[in-house]
A.B. asks: 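Have a look at this one before I ask anything.
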Amino acid sequence: MSRLYNNPSVHMKNPELVEKKLKQMAVDGLDRLMIISDFDFTLSRHKDKNGEKCWSTHGVFDAVARVMNPELKQMFDELYKKYFSIEFCPLMTVEEKVPYMIEWWDQSHAHIVNAKFSRETIEGFTSNSRIFLRERAEELIGALSEHEIPLIVFSAGIGNIIETVMKNQLGAIPETMHIISNLMIFDDQDICADFTKPLIHTFNKNSSVITGDQPFYNQIVGRTNVILMGDSLGDIHMDVGVEHEGVALKIGFLNINFDTLLAKYLDSYDIVLVDDQTMEIPINILDHLRNSAFIGSRLSLTCHE
Ligand code: MG7
Ligand code: MG
């Protein structure tokens with residue numbers, strides 16, 4: 001098991017607690033497990049192999065605007081400049097950030113709707129976008145599907161774009177994967193005319209935005225344990241309200257501002273992966289849970305802090 005953690009990107013505040021959670025999950029077995037994951041910069045890469053920044057799902061519209069409507073690009077840039085620093089500000093509280101996030105998403109979506117982009121344009125730009133699944137994400141998603149472990153992708157990005165990326169890069173979306181996100185609504189001319197409500201932004205990713213009867217309810221009922229993955233501090237409550245009374249193991253990808261954010265991430269996430277563009281650790285954990293279903297082995301961890 002030390003192999004899992006003998007990795008310089010892994011940081012843990014409380015390795016004993018991680019060990020305890022893993023043990024419980026191993027005892028309970030894979031049929032009690034589900035995964036809840038963020039998409040942008042969690043399932044998708046933050047940087048490519050050359051160290052160049054990748055895009056979020058909203059970033060597709062920066063590219064569309066750059067080509068089709070430079071004035072709109074200017075407006076998106078101004079919004080980004082103003083609000084991104086608030087989203088990741090280490091000094092502001094979540095409560096202080098929320099109204100700004102609503103402003104950002106509302107304005108951005110209104111600009112997209114006003115520009116009347118077609119489905120074809122959006123899908124075309126998505127297929128040529130710099131959104132790439134993390135290294136070994138395909139392998140992880142394949143293993144989850146093979147073991148019928150539900151994967152709930154919970155994103156404040158744009159669900160239609162996630163779907164296109166998944167279809168392009170995985171071939172198809174497994175039956176055990178479900179996307180909860182902001183969706184574009186197209187009119188009868190296939191023009192993007194609105195976004196679904198309630199709006200999902202960085203800091204309201206919890207049961208308050210999961211409305212109605214979810215079609216995947218049957219798949220997650222009885223799944224008492226959760227592995228949660230995110231790259232923002234707003235991702236740590238994604239399991240709140242999802243009925244599970246067992247263990248939640250939270251894995252945080254810290255992509256930026258390592259020095260100022262690491263302490264906060266260590267307080268919020270069980271395992272923090274610093275500047276790691278791979279799904280190696282989640283895969284190792286899943287492998288471990290699979291194997292220990294037979295062995296019930298004692299886990300020994302070495303960590304780097
Ligand atoms: N994000 C949120 N919004 C925008 C936008 O209008 N443009 C760009 N380029 N990025 C945006 O998964 C959600 C992530 O997407 C970013 C409205 C935020 O930084 C957020 O973390
Ligand atoms: Mg994210």
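Small disclaimer: the values here were computed from a predicted structure and weren't measured. In each ligand, atom 1 is the first atom listed, and ligand 1 is the first ligand listed.
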A.B. asks: So, are Lys81 and Asp77 salt-bridged, with charged N and O less than 4.0 Å apart?
C.D. replies: no
A.B. asks: May I ask you to identify the nearest protein heavy atom to atom 5 (C) of ligand 1, giving residue, atom name and distance to one decimal place in Å?
C.D. replies: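 Checking every protein heavy atom, the shortest distance to atom 5 (C) of ligand 1 gives His58 CB, 3.5 Å.
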A.B. asks: Below a 4.0 angstrom heavy-atom separation, can you tell me which part of Tyr80, side chain or backbone, both or neither, approaches ligand 1?
C.D. replies: side chain
A.B. asks: Look at the N, O or S atoms of Asp38, main chain and side chain alike, and state whether any lies under 2.8 Å from the Mg ion (ligand 2).
C.D. replies: yes
A.B. asks: Just to be sure I read this right, does ligand 1 sit under 4.0 Å from the backbone of Asp62, its side chain, both, or neither, counting only heavy atoms?
C.D. replies: side chain
A.B. asks: Does ligand 1 have any atom sitting under 4.0 Å from a heavy atom of Phe76?
C.D. replies: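 Under 4.0 Å: no for Phe76.
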A.B. asks: Which residue from Trp104, Phe61, Tyr83 reaches closest to atom 4 (C) of ligand 1 through any of its heavy atoms?
C.D. replies: Trp104
A.B. asks: Identify, for atom 13 (C) of ligand 1, the protein heavy atom at the shortest distance, and state residue, atom and that distance.
C.D. replies: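 It is Asp40 OD2, 3.4 Å.
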A.B. asks: Hey, which N, O or S atom on Asp231 ends up closest to the Mg ion (ligand 2)?
C.D. replies: OD1
A.B. asks: Quick test of your reading of the model: are Asp31 and Arg223 salt-bridged, counting only N-O distances below 4.0 Å?
C.D. replies: no
A.B. asks: Taking the side chain from Arg130 and the backbone from Glu52, do they hold a donor-acceptor pair closer than 3.5 Å?
C.D. replies: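 Side chain of Arg130 to backbone of Glu52, a donor-acceptor pair under 3.5 Å: yes, one is there.
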A.B. asks: Would you tell me whether Ser9 and Asp276 have side-chain atoms, one donor and one acceptor, within less than 3.5 Å of each other?
C.D. replies: yes
A.B. asks: So that I can tick it off, tell me whether Lys264 and Asp267 are bridged by a salt bridge, with the cut-off set at under 4.0 angstrom between side-chain N and carboxylate O.
C.D. replies: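 Salt bridge absent between Asp267 and Lys264.
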A.B. asks: Which heavy-atom pair separates Leu30 from Ile149 by the least distance, and what is that distance?
C.D. replies: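 Heavy atoms of Leu30 and Ile149 come nearest at O-CG1, 4.1 Å.
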A.B. asks: Identify the protein heavy atom lying closest to atom 17 (C) of ligand 1, giving its residue, its atom name and the separation to 0.1 Å.
C.D. replies: Trp105 CD2, 3.6 Å
A.B. asks: Hey, which atoms in ligand 1 end up nearer than 4.0 Å to a heavy atom of Phe84?
C.D. replies: 19 (O)
A.B. asks: For the residue pair Glu87 and Thr202, confirm or rule out a side-chain donor-acceptor distance under 3.5 Å.
C.D. replies: yes
A.B. asks: Give the contacting part of Glu87 toward ligand 1: side chain, backbone, both or neither, where contact means a heavy-atom distance below 4.0 Å.
C.D. replies: side chain
A.B. asks: With the Mg ion (ligand 2) as the point of reference, which N/O/S atom of Asp40 is the closest?
C.D. replies: O
A.B. asks: Between Tyr83 and Gln107, does the side chain to side chain donor-acceptor pair (under 3.5 Å) criterion hold? Intermediate values first, please.
C.D. replies: CA-CA 11 Å; Tyr83 292 111; Gln107 290 178 63; 3.1 Å; yes
A.B. asks: Is it the side chain (CB and beyond), the backbone, both or neither of Trp55 that lies under 4.0 Å from ligand 1, heavy atoms counted?
C.D. replies: neither
A.B. asks: Can you see whether Thr121 engages Ser118 through a side-chain donor-acceptor pair at a distance of less than 3.5 angstrom?
C.D. replies: yes
A.B. asks: Pull out every atom of ligand 1 sitting under 4.0 Å from any heavy atom of Ser108, numbered as shown with elements.
C.D. replies: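 Listed by number with element, the hits are 5 (C), 6 (O).
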